[in-house]
Amino acid sequence: VTDPVSSQLAPRTVVLCGFMGTGKTTVGPMVAERLGYPFLDADDVIAQQQGIPVPAIFARHGEAAFRAAEREVCRRLADEQAVVAVGGGAVADPADRAALARRATLVCLDADEHTLATRLADSTDRPLATDGGWREIRDARRSSYEAIALRVDTAGRDPGDVAAAVLAALDDPVAAARRHPVAAPDGEYGVLTGPGLLGVAARLLREHDIPEGRTVVVTDAGVSALYGRALLEDLDAGGRDAVLVAVPSGEAAKSLSVLEGVYDALSSHGVDRAGVVVGLGGGSVGDVAGFAAATYLRGVAYVGMPTTLLAMVDAAVGGKTGVNLPRGKNLVGSFTSPRLVLADVATLATLPAEEWRAGLAEVVKHALIGDPGLLDLLEADPPRDMPATDPGALEAVAALVARAAAVKIAAVTEDFRERGRREQLNLGHTFAHGFEHASGWSVRHGDAVAVGLVAACRAGEAVGACSPELTARVEALLQTLGLPGRLDLDADAVLAAMAQDKKRRDGLLRLVVPERPGSVVVVPAPGAAALRRVLDSVLGRG
Ligand SMILES: NC(=O)c1ccc[n+]([C@@H]2O[C@H](COP(=O)([O-])OP(=O)(O)OC[C@H]3O[C@@H](n4cnc5c(N)ncnc54)[C@H](O)[C@@H]3O)[C@@H](O)[C@H]2O)c1
Ligand SMILES: [Zn+2]
């Protein structure tokens with residue numbers, strides 16, 4: 001028998017949930033065995049932790065105390081590679097369900113009332129099953145169970161059949177997604193990365209407890225033609241009243257007049273406080289859509305659906321939103337987190353090659369900042385071209401995207417409002433902004449970042465933080481990835497632009513420089529002559 005889930009695509013953690021009597025603890029070990037994972041029963045873990053059986057915890061401390069313990073244990077177990085069975089009440093509250101869904105693949109086992117009645121008739125160890133009172137409990141939980149994207153009917157099936165059905169359900173794109181919870185001051189949100197997520201968006205929105213109100217999908221003309229209709233159809237089939245509004249492609253989307261058009265679309269579609277804005281596209285779309293959501297009616301839910309590599313690893317996570325003013329980029333904006341981010345890596349297959357490379361520059365940046373293993377991976381198997389659409393290639397891209405995004409997530413989790421650690425994300429960017437500015441914005445951001453990374457390494461050498469070997473390594477990798485190592489720009493113009501950099505503090509230019517793979521330091525820029533030498537080494541025809 002071939003497994004429906006190839007081991008490569010197997011989810012890290014599978015949480016079996018559902019009402020009592022659906023067979024979670026019988027089926028769980030079978031599923032675990034097939035996946036090669038350990039099986040854990042949340043109730044057993046709680047009982048062991050408290051030193052008394054679950055019914056005694058209920059009797060002695062009450063249901064609320066049990067739920068609190070359960071909540072904590074569930075969150076912890078969802079971080080392990082395992083099959084976990086949780087109690088029927090663990091996902092009764094939509095917020096608890098969403099918290100688990102941010103960490104693990106949920107599979108809900110269900111059965112009709114008659115089947116449950118038969119199975120529960122002779123149970124003695126279930127504190128809530130007495131006297132048929134379970135029917136009311138089940139009714140109260142029904143809508144939360146039904147919101148789970150993967151559900152398996154157990155009625156009339158023996159445990160072996162149910163286990164097979166669970167494994168088959170894991171063949172869904174919902175199960176293949178890598179899940180990363182992001183803690184932010186305005187609430188925790190989930191970042192899901194994997195192929196095919198746009199096709200299951202409506203189910204994921206429900207599972208993650210996104211409001212069910214009127215929905216406006218903001219996208220750009222190019223992305224709309226490729227993915228807009230299918231997304232809208234999926235949302236529509238999922239019972240959402242959604243419309244599409246197209247903004248100009250690229251940086252032109254980030255203007256006050258475009259923003260006004262988005263507000264207009266929101267009000268004409270009747271979006272209220274229960275409404276949702278979806279940003280489907282690259283960082284430009286996400287920045288304007290996120291800001292519209294952050295400000296319309298003083299804030300409605302925002303869901304990011306990034307479709308560029310740059311947006312998946314950078315712009316869509318971290319909660320910065322905003323638009324440009326004629327005098328400069330990102331001058332109006334907010335720190336507002338999305339409620340959910342769905343990064344469908346299958347969309348990257350249509351990305352123009354230069355946009356793919358632009359994203360790769362940020363991936364290298366993130367590897368240098370916080371993931372030496374990612375640097376090794378990029379060198380061992382350089383993803384120079386966009387992904388092919390076969391599952392193996394998409395899985396590799398999903399892994400790359402999730403790892404690169406994780407570095408940004410770690411930085412913004414520690415420092416949401418950019419007062420410290422988040423500054424590390426500027427690696428290469430003080431130089432890059434100088435290059436972009438001096439070129440009159442004719443140099444592509446990704447190219448500017450690539451050369452900026454090399455310049456940052458050289459500046460690191462000048463202050464004794466970075467070794468020539470690391471610089472050479474970075475240069476070689478960027479070249480392999482098809483990114484430039486130098487730009488034909490005037491060093492004086494770049495210096496002048498850098499002097500105006502808004503990241504200057506107390507008249508001092510600060511630079512982020514690598515000290516070793518996966519680690520950077522913030523240092524005062526080297527003196528004018530040294531900085532000039534750094535620029536001379538990366539500018540000109542070479
Ligand atoms: N908020 C943040 O934290 C943050 C971080 C980094 C960058 N940004 C912003 O992001 C913007 C750049 O974003 P970007 O690089 O994603 O570019 P982009 O959004 O401007 O998109 C680039 C082009 O790619 C096209 N495109 C997008 N997805 C596609 C797909 N799957 N297939 C085919 N074509 C596709 C778009 O139509 C557009 O023409 C900048 O404005 C930058 O300031 C924001
Ligand atoms: Zn950048």
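As the structure lists them, so they are numbered: ligands from 1, and atoms in each ligand from 1.
Heavy atoms from other residues, nucleotides or ligands lying under 6.0 Å from CD of Glu260 number 12 at most. Within a 6.0 Å sphere centred on CD of Gln479, heavy atoms belonging to other residues, nucleotides or ligands number 12 at most.
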Given Arg458 and Ser537, is the side-chain hydrogen bond (donor to acceptor under 3.5 Å, both in side chains) satisfied, shown in steps?
-> CA-CA 8 Å; Arg458 294 252 158 80; Ser537 76; 3.0 Å; yes
Would Leu331 and Asn324 count as a side-chain contact (heavy atoms from CB on, under 4.5 Å) if you check the C-alpha gap in whole Å, the side-chain angles of each, and the deciding distance to 0.1 Å?
-> CA-CA 6 Å; Leu331 293 181; Asn324 304 328; over 6 Å; no
Steps toward side-chain contact (heavy atoms from CB on, under 4.5 Å) verdict (Glu418, Lys320) | CA-CA 10 Å; Glu418 196 164 335; Lys320 277 195 196 177; 2.7 Å; yes
side-chain hydrogen bond (donor to acceptor under 3.5 Å, both in side chains) assessment of Glu461 paired with Ser467 = CA-CA 6 Å; Glu461 286 182 46; Ser467 68; over 6 Å; no
So Arg516 and Glu469, side-chain contact (heavy atoms from CB on, under 4.5 Å) or not? Walk me through it.
-> CA-CA 10 Å; Arg516 56 177 186 276; Glu469 290 73 27; over 6 Å; no
Verify side-chain hydrogen bond (donor to acceptor under 3.5 Å, both in side chains) between Thr219 and Tyr227, making sure each step is shown before the conclusion.
-> CA-CA 9 Å; Thr219 185; Tyr227 306 108; over 6 Å; no
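In this structure, atom 14 (P) of ligand 1 lies nearest to the protein heavy atom Gly283 N, 3.5 Å. Annotation: atom 28 (N) of ligand 1 to nearest protein heavy atom, Thr307 OG1, 2.7 Å. Atom 20 (O) of ligand 1 has Ser284 OG, 2.6 Å as its closest protein atom, hydrogens excluded (heavy atom only). For atom 26 (N) of ligand 1, the closest heavy atom belonging to the protein is Val223 CG2, 3.8 Å. When hydrogens are left out, the protein atom nearest atom 15 (O) of ligand 1 is Leu310 CD2, 3.6 Å; that is the closest non-hydrogen contact. With respect to atom 39 (O) of ligand 1, the closest heavy atom belonging to the protein is Ser249 CB, 3.6 Å. Closest protein heavy atom to atom 36 (C) of ligand 1: Asp220 OD2, 3.2 Å. At the shortest separation from atom 27 (C) of ligand 1 among protein heavy atoms lies Thr308 CG2, 3.3 Å.
Contacts with ligand 1 closer than 4.0 Å are made by no heavy atom of Pro306, backbone or side chain. Residue Lys254 touches ligand 1 through its side chain alone, judged by heavy-atom distances below 4.0 Å. Only side-chain heavy atoms of Asp287 come within less than 4.0 Å of ligand 1; its backbone N, CA, C and O stay farther off. Here Glu355 has side-chain heavy atoms under 4.0 Å from ligand 1, and that is the only part of it that gets that close. Residue contacts with ligand 1 for Lys329 involve side-chain atoms from C-beta outward but no N, CA, C or O (heavy atoms, distance under 4.0 Å). Residue contacts with ligand 1 for Leu351 involve both N, CA, C or O and side-chain atoms from C-beta outward (heavy atoms, distance under 4.0 Å).
Using a 30° and 60° split on the angle between ring planes, His429 and His433 fall in the perpendicular class, above 60°. Taking the six-membered ring for Trp and thresholds of 30 and 60 degrees, Tyr296 and Tyr263 have nearly parallel ring planes, at less than 30 degrees apart.
Distance check on atom 42 (C) of ligand 1: some protein heavy atom falls below the 4.0 Å cut-off.
Considering each of Ala315, Ala221, Ala311, Gly446, the one bringing a non-hydrogen atom nearest atom 4 (C) of ligand 1 is Ala315.
Nearest heavy atoms, Ala450 versus Leu478: O-CD1, 3.4 Å.
For the ligand labelled ligand 1, residue Arg422 lies outside the 4.0 Å heavy-atom shell. Residue Gly250 places a heavy atom under 4.0 Å from ligand 1.
Within the 4.5 Å cutoff, the side chain of His269 has heavy atoms near those of the Asp241 side chain. For the pair Val276 and Tyr302, the minimum side-chain heavy-atom distance is 4.5 Å or more. Put simply, the side chain of Leu198 does not reach to within 4.5 Å of the side chain of Leu342, judged on heavy atoms.
Near Pro352, meaning under 4.0 Å from one of its heavy atoms, ligand 1 places the atoms 33 (C), 34 (N). In the vicinity of Thr350, heavy-atom distances shorter than 4.0 Å reach the ligand 1 atoms 30 (C), 31 (N), 32 (N), 33 (C). Interface of Lys408 with ligand 1, defined as ligand atoms under 4.0 Å from a residue heavy atom, comprises 3 (O). For ligand 1 and Asp314, the ligand atoms under 4.0 Å from any heavy atom of the residue are 5 (C), 6 (C). Close approach of ligand 1 to Gly282 (heavy-atom distance below 4.0 Å) involves ligand atoms 16 (O), 19 (O). Interface atoms of ligand 1 facing Lys320, defined by a heavy-atom separation under 4.0 Å, are 1 (N), 3 (O). Close contacts of ligand 1 with Leu226, meaning ligand atoms under 4.0 Å from a residue heavy atom, involve 32 (N), 33 (C). Residue Glu251 has at least one heavy-atom neighbour below 4.0 Å for each of these atoms of ligand 1: 40 (C), 41 (O).
Using a distance-only test at 3.5 Å, with no hydrogens or angles considered, no donor-acceptor pair links the side chain of Ser519 to the main chain of Glu515.
Defined by atom type and a distance below 3.5 Å, a donor-acceptor pair is missing between the side-chain atoms of Asp287 and Thr321.
Our summary of the site lists the angle at the Zn ion (ligand 2) between OE2 of Glu362 and NE2 of His429 as 110°, to the nearest 10 degrees.
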